[in-house]
Amino acid sequence: MGLELTTKAPMLQILDEEGQVRPGAEPALAPAELRRIYEIMVLARTADAKALKLQRQGRMGTYASSLGHEACQIGTAFPLRPEDYFFPYFRDLGAYLTLGYPLADYYHYWMGNEAGLRTPDGLNLFALAIPVASQIPHAVGAALAAKLRKKTGAAVCTFGDGATSEGDFHEGLNFAGVFRTANVFVCYNNQWAISTPRSRQTASETIAQKAGAYGFPGVQVDGNDVLAVIASVREALDRARAGGGPTLIEAVTYRMGHHTTSDDATRYRTEEEVKAWEPRDPLRRLRIYLRSRGLSDEASEKGVLDAATNAVEKAVAEAESRPPATVDDLFAYTYKNMPPALAEQRTGLKEALKAEAGR
Amino acid sequence: MGLELTTKAPMLQILDEEGQVRPGAEPALAPAELRRIYEIMVLARTADAKALKLQRQGRMGTYASSLGHEACQIGTAFPLRPEDYFFPYFRDLGAYLTLGYPLADYYHYWMGNEAGLRTPDGLNLFALAIPVASQIPHAVGAALAAKLRKKTGAAVCTFGDGATSEGDFHEGLNFAGVFRTANVFVCYNNQWAISTPRSRQTASETIAQKAGAYGFPGVQVDGNDVLAVIASVREALDRARAGGGPTLIEAVTYRMGHHTTSDDATRYRTEEEVKAWEPRDPLRRLRIYLRSRGLSDEASEKGVLDAATNAVEKAVAEAESRPPATVDDLFAYTYKNMPPALAEQRTGLKEALKAEAGR
Amino acid sequence: MKITMAQALNQALAQEMARDERYVLLGEDVGPDGGVFRVTDGLIQKFGPERVIDTPLAESGLIGVSIGMAAFGLRPIAEIQFLGFIYPAFNQILSHVARLRNRTRGRYPVPMVIRTPYGAGVRALEHHSESTEALFCQLPGLTVVVPSTPYDAKGLLIASLRSEDPVIFLEPSRLYRGEKQDVPEEPYEVPLRAARTVREGTDVTVIGWGAMVPVMEKAADEAAGRGVSAEILDLRTLSPMDREAVLASVRKTGRAVVVHEAPKTCGLGAEISALISENALLSLRAPVARVTAPDITIPLPKAEDDYYVNPARVLAGILKTMEF
Amino acid sequence: MKITMAQALNQALAQEMARDERYVLLGEDVGPDGGVFRVTDGLIQKFGPERVIDTPLAESGLIGVSIGMAAFGLRPIAEIQFLGFIYPAFNQILSHVARLRNRTRGRYPVPMVIRTPYGAGVRALEHHSESTEALFCQLPGLTVVVPSTPYDAKGLLIASLRSEDPVIFLEPSRLYRGEKQDVPEEPYEVPLRAARTVREGTDVTVIGWGAMVPVMEKAADEAAGRGVSAEILDLRTLSPMDREAVLASVRKTGRAVVVHEAPKTCGLGAEISALISENALLSLRAPVARVTAPDITIPLPKAEDDYYVNPARVLAGILKTMEF
Ligand SMILES: Cc1ncc(C[n+]2csc(CCOP(=O)(O)OP(=O)(O)O)c2C)c(N)n1
Ligand SMILES: Cc1ncc(C[n+]2csc(CCOP(=O)(O)OP(=O)(O)O)c2C)c(N)n1
Ligand SMILES: [Mg+2]
Ligand SMILES: [Mg+2]
């Protein structure tokens with residue numbers, strides 16, 4: 001009697017786990033694009049590893065590693081055009097880099113400075129959200145604004161599997177369905193929300209099928225296959241721009257590291273599980289493919305890695321050379337015009353700090 | 001490429017709009033039960049009409065009419081057993097009556113007295129929720145508690161079509177799916193949420209299909225066919241009690257009246273639309289069916305109506321004869337033990353009222 | 001022309017929306033229904049369904065979507081049907097509306113107005129009579145505004161709409177159809193962050209806002225009959241507060257009575273009392289009195305009058321302060 | 001045995017859950033992970049997954065489900081991962097947790113404890129350092145509790161678990177692994193609604209709670225060096241507050257300094273200041289001072305120390321009050 005759902009569409013894949021192109025799935029990307037994608041992936045991985053190292057050295061705050069998410073993050077951001085909008089969450093290093101966000105800024109933020117979260121002018125990259133799922137309605141608002149202003153931009157929003165349990169996921173996607181906004185929602189289903197496994201997060205067979213509740217399509221894609229992610233996001237973006245409404249993409253991946261540097265994943269998951277995902281590494285797959293196409297070799301790969309390492313070191317140096325926030329900075333952005341009482345508090349704090357420094 | 005949903009299961013119906021039993025759908029209800037159902041429906045309709053009249057006379061506060069919802073409300077509540085739990089919303093008169101809640105109490109509440117919302121001991125009927133959808137997680141909690149306490153009760157929760165847009169709908173149903181609680185969620189899809197039509201509430205084709213997002217079945221039933229509602233709720237309850245998990249039932253009906261007595265529905269919907277639903281009246285359908293089965297005739301129907309009218313008049317008299325809340329009542333239930341400062345405020349208020357009365 | 005507060009608000013919305021097409025109105029039942037209090041009446045006819053948008057029933061979504069609109073070029077005006085239903089959106093308001101300017105170091109401020117009816121005195125169902133303004137006054141980044149007359153309603157709403165900061169605009173439901181007032185046809189601003197001296201006086205300062213203002217005026221009339229000259233201050237903007245106006249008046253009169261509909265504990269009256277003690281203790285001839293509702297849930301209509309702050313209670317507060 | 005606050009809380013949970021099987025613990029990552037601060041460490045091993053329940057990531061659902069459990073026979077202990085993530089549940093807390101006893105005239109009270117780490121000083125990400133206790137103190141029906149020592153943590157949590165009223169139990173993250181203390185092995189209650197005199201003094205009363213208590217103690221040490229005898233009061237229960245203890249101490253010393261981590265405006269300090277002015281104005285030799293954070297969003301870790309209330313600022317507040 002029930003309305004049972006059919007959710008048996010296969011997960012989209014272009015490169016299999018051995019880096020071989022699936023028959024008939026050759027990606028529509030130019031060699032330069034493919035090389036560029038690989039470069040960003042290497043940069044993201046290198047930057048991530050460096051951040052973890054800095055954290056251990058006390059030079060970086062609590063940090064959420066992106067290890068293993070490179071294909072999701074970069075694949076999602078790569079097809080965007082300048083007029084599009086991106087709404088990231090706290091695990092989105094690869095997307096930030098793809099969109100051209102300065103790595104030094106990203107580091108600066110994670111080192112504990114608000115200034116690092118100020119998006120450079122000209123980039124439609126919203127500040128990453130930490131309250132889980134709360135950014136989803138924002139993305140819908142941006143797309144709705146674009147629609148009302150007759151602009152062409154589409155709004156892409158990312159979040160984890162855990163986020164799909166929050167009310168804001170539901171409310172945001174429901175608005176998107178009703179207003180047929182140009183939104184692409186990409187869930188990085190990395191199987192864990194801190195210690196909570198995907199199976200405990202929801203009883204639905206896939207996350208993609210949740211789109212059915214909002215009257216638009218849901219797609220499952222191999223989130224460790226950057227070419228497949230690009231293809232599915234691109235298709236969704238094309239549909240969105242053509243007025244075809246939103247899409248939910250479930251990118252199936254795995255969180256290779258701890259949740260953050262404050263977490264110890266060995267408390268709740270087995271080493272075997274992590275090991276089982278190692279061969280599906282997104283970088284390895286693309287590397288094999290590029291070599292097979294003759295687009296890279298050991299030497300060029302080393303060049304890419306060296307460039308990444310250099311860029312990372314430069315970004316660290318730059319971030320660390322920046323001055324900390326002044327008291328003026330802390331107060332300047334609460335209101336457009338500072339109320340007198342707040343200005344007094346600012347003066348009071350400056351005096352207190354002066355007195356304390358003098359002791 | 002998308003995972004499209006199939007949602008084409010037909011809406012469950014037992015009585016067609018002419019009150020004829022659909023072939024092979026004869027209800028599994030004894031004649032006494034059928035008569036009892038009819039009696040409650042007549043009582044609900046009579047009590048509802050009276051409430052509207054009292055409101056116009058200034059004897060009742062803002063009131064949300066149940067006109068047209070009798071089959072949904074009574075059909076949902078009828079299959080419950082004493083060990084089950086019911087979580088109603090603000091439009092649920094028929095359910096209250098079916099479960100044996102004193103009509104005088106219900107009136108007392110809508111006349112503006114908290115005391116009317118105190119459920120009689122022995123009845124598992126939670127206080128109706130006014131914040132839309134907020135009761136849904138409560139019902140899941142009750143079912144989860146029953147499960148953990150190894151009790152057999154199932155928890156039924158009702159809400160409108162508008163409620164399905166709220167985050168609490170999503171979070172509640174998702175918890176129910178994950179914990180496979182003995183829940184039956186019944187959405188009275190009456191096509192309107194105040195002035196917002198169903199089509200603007202969500203882009204999903206049916207509300208029933210939203211269950212797919214939570215990994216349990218969804219069913220669409222004719223909400224003006226009390227026998228169909230009973231059958232679907234009963235089936236869902238049986239499954240829930242057997243450990244089969246939750247069900248979402250969409251009972252398709254129509255809000256024949258204004259949203260509440262403060263609303264003027266002519267501002268936003270046509271008379272034709274309302275008229276079109278008149279022939280689908282749930283009472284009429286059951287009446288025809290009972291007559292066709294020889295279970296009622298004009299005389300017995302008049303008897304039922306007279307009894308209802310009497311019961312309603314008695315309930316009004318009783319509700320109106322009750323004293324208003326005392327200051328002690330207003331303060332007594334904030335904490336189990338009143339803090340001294342609150343007791344002082346109570347004394348202060350009593351003195352103020354005495355002084356004001358003396359002026 | 002003499003119009004009600006509801007009409008004045010409607011005028012403000014219509015005029016600003018006509019002036020600047022970045023304004024978009026959205027909420028539950030704001031379209032053909034014109035809002036449950038008819039504040040948006042006729043606007044969908046004037047501006048079309050692209051600028052007057054009926055939304056699904058979801059407050060967090062509503063505010064969240066408004067944030068995205070505000071960050072990317074529009075000026076959303078979000079209506080929450082009653083203050084009692086704003087809480088599902090509390091996370092969006094606290095974590096994002098109030099903080100985005102700061103979080104992004106000025107890159108993504110979200111200028112928007114969240115309008116909502118509030119307060120008791122209209123015999124409504126539970127949750128429809130809330131007066132929880134103090135919840136918002138403690139969130140840095142927000143501006144909280146409450147009008148008490150049709151004139152102020154129009155001018156304050158226009159000023160709020162033009163503000164670069166997000167505004168929580170609380171409309172006292174009890175005053176929507178209260179006393180009519182002559183309101184200029186043309187648009188005008190009543191400045192934010194500036195209290196209004198409703199009536200000058202010399203013996204005691206009575207501070208309040210919204211639906212309490214007429215109550216305070218009646219109490220002041222009665223006090224005058226007993227020889228007590230009360231100065232009445234209408235805060236108008238609750239946060240950031242016009243501290244100078246409060247302190248100047250209290251320094252002059254030496255006594256203060258704060259009046260609010262909300263329960264006493266941690267209401268805005270506490271902040272005002274603390275401010276006065278901190279800054280004008282030596283001027284005080286009596287403790288700052290708070291005349292407020294008790295610390296209970298507001299009762300259903302039948303007992304609402306017992307609960308509701310009335311002129312007699314304000315007068316009693318004034319007299320007690322005089323007699324200290 | 002000397003244990004940390006986190007261990008003391010863990011002990012309280014384990015002992016009460018062993019004593020009464022109606023207690024059920026639920027929240028995000030409370031199971032095998034043992035909570036992000038390890039407060040629920042080992043409990044799933046002791047009590048099984050039916051009584052220590054990892055939930056989906058949804059705070060409103062979590063609190064809403066707990067309400068249903070509490071109304072129907074269980075005693076849920078809901079963990080919110082950080083106070084900064086409680087806001088999605090604000091509607092459930094304000095509209096239901098706080099009010100169900102009243103709404104149902106005592107038929108469906110919802111005894112439950114909502115535990116959550118709070119406060120700054122641990123160099124965390126945004127939203128992880130919130131100190132918004134005043135939001136809850138203004139909701140009649142709730143009890144708000146904050147421990148400041150391992151001993152109190154255990155006793156207050158046990159008392160909260162046994163309370164018939166819902167409790168918001170705020171655990172200062174900065175103190176979880178702070179100073180260890182001898183804590184009795186057996187269960188005991190530290191009574192709710194009763195402040196603790198941390199140190200007696202004669203010149204000024206310093207009032208605070210949670211992570212501010214050690215800060216106040218350091219400041220009092222320095223004040224003593226300057227000949228000022230400070231009495232320190234730890235509120236322990238913020239609401240309903242132990243008004244008598246506050247007033248008795250201030251009547252004795254004639255001076256009061258309220259200290260909190262939260263921003264100043266509409267913080268609980270305002271209520272305390274107002275209470276003192278109302279009830280002990282004539283005893284006051286100086287205005288009640290508030291030593292608090294400024295009215296801004298708490299900065300990210302690099303500037304956290306600039307923002308955070310420290311002993312020097314409390315001392316400055318004390319001295320200013322003495323010099324008035
Ligand atoms: C509203 C809210 N609740 C809780 C948290 C604490 N928290 C941070 S990340 C996280 C898990 C997120 O899981 P998921 O959405 O799958 O993203 P992932 O970390 O796996 O990338 C939790 C519970 C939060 N940040 N926001
Ligand atoms: C959280 C919340 N938002 C808004 C309201 C105001 N309101 C009361 S009923 C209603 C519409 C409800 O529609 P639906 O869920 O379809 O139930 P129906 O009234 O049609 O039975 C609204 C918006 C509310 N009560 N609660
Ligand atoms: Mg995840
Ligand atoms: Mg409806």
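Proteins get letters first, then strands, A, B, ... in listed order; numbering begins at 1 in each. None of the values given here were measured: they were computed from a predicted structure.
Looking at D:Glu304, neither its backbone nor its side chain comes within 4.5 Å of chain A, counting heavy atoms on both sides. Contacts between A:Leu330 and chain D at a heavy-atom distance below 4.5 Å involve backbone atoms as well as side-chain atoms. Proximity to chain D involves both the backbone and the side chain of A:Pro131, based on heavy atoms less than 4.5 angstrom apart. Residue A:Asp329 does not touch chain D at all, counting heavy-atom pairs closer than 4.5 Å. Proximity to chain D (any heavy atom under 4.5 Å) is shown, for A:Tyr109, by both the backbone and the side chain. With a threshold of 4.5 angstrom between heavy atoms, A:Ile194 approaches chain D through its backbone and through its side chain.
Using a 4.5 Å heavy-atom threshold, the side chains of A:Leu349 and D:Tyr307 count as separate. Inter-residue side-chain proximity for D:Ile296 and A:Arg346 is flagged as unmet; no heavy-atom pair is nearer than 4.5 Å. With a 4.5 Å cut-off on side-chain heavy atoms, A:Tyr333 and D:Thr297 do not count as touching. Inter-residue side-chain proximity for A:Gln201 and D:Thr55 is flagged as unmet; no heavy-atom pair is nearer than 4.5 Å. Within the 4.5 Å cutoff, no side-chain heavy atoms of A:Thr62 are placed close to those of D:His128. Side-chain contact check for A:Glu166 versus D:Glu59: some heavy-atom pair is nearer than 4.5 Å.
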_Full working for side-chain contact (heavy atoms from CB on, under 4.5 Å) between D:Asp33 and A:Asp263_ = CA-CA 9 Å; D:Asp33 194 41; A:Asp263 177 48; 4.0 Å; yes

*Decide side-chain contact (heavy atoms from CB on, under 4.5 Å) for A:Thr196 and D:Leu57; before the verdict, give the C-alpha distance in whole Å, the side-chain angles of both, and the deciding distance to 0.1 Å.*
CA-CA 9 Å; A:Thr196 308; D:Leu57 211 177; over 6 Å; no

*Give the intermediate values and the outcome of side-chain contact (heavy atoms from CB on, under 4.5 Å) for residues D:Leu125 and A:Phe90.*
CA-CA 10 Å; D:Leu125 296 170; A:Phe90 49 81; over 6 Å; no

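The residues D:Arg38 and A:Asp264 are annotated as not salt-bridged, no charged nitrogen and carboxylate oxygen being separated by less than 4.0 angstrom.
For the set A:Ala133, A:Gly162, A:Ala352, the count of heavy-atom pairs under 4.5 angstrom toward chain D peaks at A:Gly162. Per-residue heavy-atom pair counts under 4.5 Å with chain A were compared for D:Gly31, D:Ser60, D:Pro294, D:Pro88, and the maximum is reached by D:Pro294. Contact count versus chain A (heavy atoms, under 4.5 Å) is highest, among D:Pro56, D:Ala58, D:Pro299, for D:Pro56.
Counted within 6.0 Å of CD on A:Gln57, heavy atoms from surrounding residues, nucleotides or ligands total more than 12; the atom is thus considered enclosed.
Looking at every heavy atom in both residues, D:Ile298 comes nearest to A:Glu114 through O-OE2, 4.3 Å. Nearest heavy atom pair, residue A:Ser195 against residue D:Asp29, reads OG-OD1, 2.6 Å. The heavy-atom pair separating A:Glu356 from D:Asn310 by the smallest distance is OE1-ND2, 2.9 Å. The nearest pair of heavy atoms linking D:Asp54 to A:Arg200 is O-NH1, 2.7 Å.
No side-chain donor-acceptor contact under 3.5 Å links A:Thr334 and D:Asp295.
Going from atom CD of A:Glu351 over to atom CZ of D:Arg313 covers 12.0 Å, rounded to the nearest 0.5 Å. Taken from OG in A:Ser134 to CZ in D:Phe85, the straight-line distance is 9.0 Å, to the nearest 0.5 Å.
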